[in-house]
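By convention here, the first residue in the shown sequence is residue 1. From a predicted model like this one, the values you see are computed outputs, not experimental measurements.
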Amino acid sequence: MSEVLTAPLVVEFPFTRSLGPVVGAFLTGLRERTVLGVRARDGRVVVPPVEYDPVTADELRDLVEVAPTGTVTTWAWNPSPRRGQPLADPFAWVLVRLDGADTALLHALAAPGPDAVRTGMRVRIRWAAERTGAITDIACFEPADGAAGEVTDAMVGAPREGANGSRRGGAGPLRGHNVDGRGGIPGEGDPGGGAPSRGTPDGGNPGRGAPEGGAPVGDVPAGGTPEGGGRAAADGQQPVPHAGQQSAPRIGQFDEPVTGITAPARLDYTYAPGHAQSRYIQALAERRTLGERCPACRKVYVPPRGACPTCGVATGEQVEVGPRGTVTTFCIVNIKARNLDIEVPYVYAHIALDGADLALHARIGGIPYDQVRMGLRVEPVWTEGARFPDHYRPTGEPDADYDSYKELI
């Protein structure tokens with residue numbers, strides 16, 4: 001029996017998207033060390049913000065600033081970080097409900113080990129040194145030592161004032177790894193005793209403290225923001241911006257807003273083609289093309305799959321096909337692929353090799369792209385040391401009759 005081959009493969013491409021007014025404001029805010037959520041009609045504050053309410057599908061535009069501190073609602077330890085993850089050392093994946101938010105944000109928590117992580121622990125954002133307007137502007141979360149006490153059952157059960165002035169009860173006692181209160185979470189200046197948050201004498205949304213020793217920040221009134229987007233002032237004075245933040249006429253308005261992102265998508269995996277395709281690949285190294293014949297319908301499949309897709313029976317008989325074939329269909333490629341040293345435009349085609357009942361795809365060369373056509377007769381071009389043809393080129397034969405390949409289109 002032939003050796004089954006394996007090979008490491010990488011599928012990678014950059015995904016570019018525009019952001020819109022809500023997500024764009026959120027990412028721009030991260031660049032400015034500000035976390036924004038969006039308020040729903042029922043008073044819920046959703047972080048990260050979304051353009052449409054996930055419950056009612058209402059369009060959402062009321063941006064709200066929340067604190068850089070919060071509470072771990074659930075977590076999972078990651079002992080072996082992979083390429084591209086937030087931290088190189090082992091860390092915890094955590095869902096963090098930031099103070100002032102009603103939903104949780106997924107990110108990494110820097111911790112020495114799983115024994116140092118617990119549901120209900122208080123954490124704060126560790127900002128990246130260089131910020132560009134991306135979720136990676138939050139380098140990770142870290143324990144908020146001394147910032148606030150751990151959440152208690154009484155705090156989670158405390159009522160919270162909604163945007164319309166209504167009082168909403170909490171979720172009751174903590175159960176397992178789920179912290180689902182709707183307020184009563186102490187602000188950064190609250191030592192954990194369950195007292196009302198700063199700036200909200202009736203126990204409303206928690207206040208926000210500056211993450212690096214700056215002046216504390218008072219609550220933003222429901223449905224609005226202090227003029228200038230900064231810290232609420234006492235005694236009727238003009239609002240004061242956060243340390244390091246310029247005043248803005250409205251929450252979510254920044255200089256040079258982020259309007260789009262390019263996110264790399266990458267998948268690393270090991271491919272094992274199986275016995276049938278291993279024989280096919282090994283034959284290509286000898287500049288031969290092997291297919292397999294179905295014992296029932298007698299069709300020859302190239303590349304072989306080990307079984308007939310029509311009859312569902314194993315295909316054990318090897319059949320050498322080609323090397324010449326016929327172009328059945330084709331497309332003109334006008335966008336240059338990353339890490340592919342081929343100038344555009346070029347042509348990729350389905351080629352039915354002589355003796356095969358299934359077309360394979362390959363690049364067409366040796367002919368201007370606008371002269372490639374259905375029925376064109378082609379042959380493989382090999383390069384020194386290659387395990388497969390570099391491309392196919394015209395043979396100079398007359399074009400094949402349409403009836404000879406119409407069933408293979």
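Between Phe91 and the choices Cys140, Pro86, Pro79, the side-chain contact (heavy atoms from CB on, under 4.5 Å) rule is met once, by Pro86. The salt bridge (Lys or Arg N to Asp or Glu O under 4.0 Å) with Glu292 is formed by just one residue from the set Arg305, Arg279, Arg298; it is Arg279.
Leu36 CG to Leu63 CG: the interatomic distance, rounded to the nearest 0.5 Å, is 5.5 Å. Rounded to the nearest 0.5 Å, atoms CG (Leu109) and CH2 (Trp77) are 7.5 Å apart. Taking CG of Asn78 as the reference point, atom CG of Asp89 lies at 11.0 Å (rounded to 0.5 Å). Once rounded to the nearest 0.5 Å, the distance linking CD1 of Ile364 with OH of Tyr346 reads 12.5 Å. Atom CD1 of residue Ile351 and atom OH of residue Tyr405 lie 13.0 Å apart, to the nearest 0.5 angstrom. Note that the CD atom of Glu379 and the NE2 atom of His391 stand 9.5 Å from one another [nearest 0.5 Å].
Residues Val35 and Pro48 fail the side-chain proximity criterion, which asks for heavy atoms closer than 4.5 Å. In this structure, Arg61 and Val22 have side chains that are in contact, with non-hydrogen atoms separated by less than 4.5 Å. At least one side-chain heavy atom of Val313 sits less than 4.5 Å from a side-chain heavy atom of Pro295. Side-chain contact between Glu59 and Glu51 is absent, with no heavy atoms from C-beta onward closer than 4.5 Å. Side-chain atoms of Leu19 and Thr259, non-hydrogen and from C-beta on, never get closer than 4.5 Å to each other. At a threshold of 4.5 Å between non-hydrogen side-chain atoms, the residues Cys294 and Thr310 do not count as touching. With contacts defined as side-chain heavy-atom distances shorter than 4.5 Å, the pair Thr71/Arg122 qualifies. Using a 4.5 Å heavy-atom threshold, the side chains of Leu98 and Val96 count as touching.
Side chain of Thr328 to main chain of His350: a donor-acceptor pair is present (N/O by atom type, distance under 3.5 Å, no hydrogens or angles). With Arg131 contributing its side chain and Arg31 its backbone, the two residues share a donor-acceptor pair below 3.5 Å. With Gln318 contributing its side chain and Gly316 its backbone, the two residues share a donor-acceptor pair below 3.5 Å. Remark: side-chain polar atoms of Asp137 are paired, donor with acceptor, to backbone N or O of Thr132 under 3.5 angstrom. Between the side chain of Ser278 and the main chain of Leu5, a donor-acceptor pair closer than 3.5 Å is present. Here the side chain of Thr28 pairs a donor or acceptor atom with the backbone of Val258 at under 3.5 angstrom. When atom types are taken as modelled, the side chain of Thr73 and the backbone of Leu95 share a donor-acceptor pair closer than 3.5 angstrom. In this structure, Gln85 contributes its side chain and Arg82 its backbone to a donor-acceptor pair below 3.5 Å. For Arg373 (side chain) and Gln371 (main-chain N/O), a donor-acceptor pair under 3.5 Å exists by modelled atom type.
Residues Arg44 and Asp102 are not paired through a salt bridge, judged by the lack of any N-O separation under 4.0 Å between the basic side chain and the carboxylate.
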### Task
Give the intermediate values and the outcome of side-chain contact (heavy atoms from CB on, under 4.5 Å) for residues Leu376 and Ile367.
CA-CA 11 Å; Leu376 180 69; Ile367 183 175; 4.2 Å; yes
### Stepwise side-chain contact (heavy atoms from CB on, under 4.5 Å) test for Thr289 and Tyr280
CA-CA 7 Å; Thr289 304; Tyr280 168 77; 3.9 Å; yes
### Query
So Met121 and Trp75, side-chain contact (heavy atoms from CB on, under 4.5 Å) or not? Walk me through it.
CA-CA 11 Å; Met121 73 182 293; Trp75 60 278; over 6 Å; no
### Task
Tell me, with the steps shown, if Phe388 and Ile281 meet side-chain contact (heavy atoms from CB on, under 4.5 Å).
CA-CA 8 Å; Phe388 51 85; Ile281 293 171; over 6 Å; no
### Task
Start with the C-alpha distance between Arg39 and Asp62, add both sets of side-chain angles, then the distance that settles salt bridge (Lys or Arg N to Asp or Glu O under 4.0 Å), and finish with yes or no.
CA-CA 5 Å; Arg39 193 187 305 277; Asp62 184 13; 3.6 Å; yes
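Taking every heavy atom of both residues into account, Arg293 and Val300 meet most closely at NH1-CG2, 3.5 Å. Contact between Pro394 and Gly365 at its shortest, heavy atoms only, is CD-O, 3.4 Å. The heavy-atom pair separating Tyr392 from Pro323 by the smallest distance is CE2-O, 3.9 Å. Ala40 and Asp53 make their closest contact through CB-OD2, 3.3 Å (heavy atoms, listed as atom of the first residue, atom of the second, distance). Nearest heavy-atom pair, Pro143 versus Ala110, reported as atom, atom and distance to 0.1 Å: CD-O, 3.5 Å. Heavy atoms only, all atoms of each residue included: Asn334 and Val344 are closest at O-CG2, 3.8 Å.
Counting heavy-atom neighbours within 6.0 Å of Glu130 CD, excluding the residue itself, gives a total of 12 or less.
Applying the salt bridge (charged side-chain N to carboxylate O under 4.0 Å, His left out) definition to pairs two or more places apart or across chains, those involving residues 346-368 are Asp354-Arg377, Arg363-Asp390. A salt bridge (charged side-chain N to carboxylate O under 4.0 Å, His left out) check over residues 258-271, counting only residues at least two apart or in different chains, returns the pairs Glu12-Arg266, Arg266-Asp268.
Note on ring orientation: taking the six-membered ring where Trp is involved, the planes of His107 and Phe141 are perpendicular (angle over 60°, cut-offs 30° and 60°).
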